[in-house]
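In this text the structure is predicted, and so the values were computed from the model without any measurement. Worth knowing before you read on, the calculation uses all heavy atoms, side chains too, and leaves out hydrogens, waters and symmetry mates.
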Amino acid sequence: MKVLFATTNPAKVKKYKAELEKRGIELITLKDIDVKLNVVESGKNALENAYIKAKTYYDVLKMPTIGMDNNLFIEELSLIHISEPTRLL
């Protein structure tokens, strides 16, 4: 089965590709296809943004799609959202 991983981040691809292949899933990346969409990630949190990204690509390509949006959440500071944790260093 082919599944699109809607990311251009090679570290994310590397992390999941081998494990998915062991389960019979061929991971296709945005680099593998010739479709560039402008996805507006307007969700309230990482889960909503991942859904928006996956749904946008699925609607165009009709291919099962994984969307992922990584963020740093600190439970005690749940009202603070840090989308680029590397800037904290």
Side-chain angles (χ1 to χ4, degrees):
M1 166 189 247
K2 291 184 179 184
V3 175
L4 175 65
F5 195 0
T7 185
T8 56
N9 183 327
K12 287 181 185 178
V13 174
K14 182 179 179 182
K15 183 174 182 177
Y16 297 102
K17 187 172 182 134
E19 284 301 317
L20 290 171
E21 286 177 349
K22 289 178 188 176
R23 292 165 173 76
I25 298 171
E26 179 183 354
L27 202 59
I28 306 298
T29 69
L30 295 177
K31 287 185 177 183
D32 298 326
I33 61 173
D34 191 24
V35 176
K36 302 289 183 194
L37 302 178
N38 182 23
V39 180
V40 178
E41 296 181 25
S42 58
K44 296 176 188 170
N45 55 48
L47 184 60
E48 288 182 9
N49 284 337
Y51 175 80
I52 290 167
K53 186 182 293 185
K55 178 89 167 82
T56 300
Y57 275 94
Y58 175 81
D59 287 346
V60 171
L61 300 171
K62 303 301 184 212
M63 172 185 286
T65 304
I66 297 169
M68 182 179 291
D69 189 4
N70 293 357
N71 289 281
L72 174 64
F73 295 95
I74 302 171
E75 190 171 337
E76 289 79 17
L77 304 173
S78 61
L79 297 178
I80 297 174
H81 173 82
I82 303 169
S83 62
E84 295 186 48
T86 55
R87 291 189 179 187
L88 296 175
L89 299 175

Shortest non-hydrogen contact from Ala50 to Gly67? CB-O, 3.4 Å

For the CD1 atom of Ile33 and the NZ atom of Lys2, what is their distance to the nearest 0.5 Å? 11.5 Å

Are Tyr51 and Leu4 connected in the hydrophobic side-chain network, where two residues link if heavy atoms are under 4.5 Å apart? no

How about Lys14: does its NZ atom have over 12 heavy atoms from other parts shown lying under 6.0 Å from it? no

Kindly compute the distance separating CG (Leu30) from CG (Asn9), expressed to the nearest 0.5 Å. 11.0 Å

Taking C-beta and beyond as the side chain, do Asn45 and Glu48 meet within less than 4.5 Å on heavy atoms? yes

Nearest heavy-atom neighbours spanning Thr8 and Lys31: O-CE, 4.5 Å

Hey, could you give me the CG/CZ distance between Leu20 and Arg23, rounded to the nearest 0.5 Å? 7.5 Å

So, Asp59 side chain and Thr56 main chain: donor-acceptor pair closer than 3.5 Å or not? no

So how far is it from Leu27 CG to Met1 CE, rounded to the nearest 0.5 Å? 12.0 Å

Is Val3 reachable from Met68 through a run of hydrophobic residues whose side-chain heavy atoms are each under 4.5 Å from the next? yes

As an exercise, state the distance from CD1 of Ile66 to CD1 of Ile25, rounded to the nearest 0.5 Å. 7.0 Å

Does any part of the side chain of Thr7, heavy atoms only, come nearer than 4.5 Å to the side chain of Val13, both counted from C-beta? yes

Between OH of Tyr58 and OG1 of Thr65, what distance do you get to the nearest 0.5 Å? 8.5 Å

Would you say Val40 ends up clustered with Val35 if hydrophobic residues are merged whenever their side chains have heavy atoms under 4.5 Å apart, either directly or through other cluster members? no

Which atom of Val39 lies closest to which atom of Tyr57, heavy atoms considered: CG2-CE1, 3.7 Å

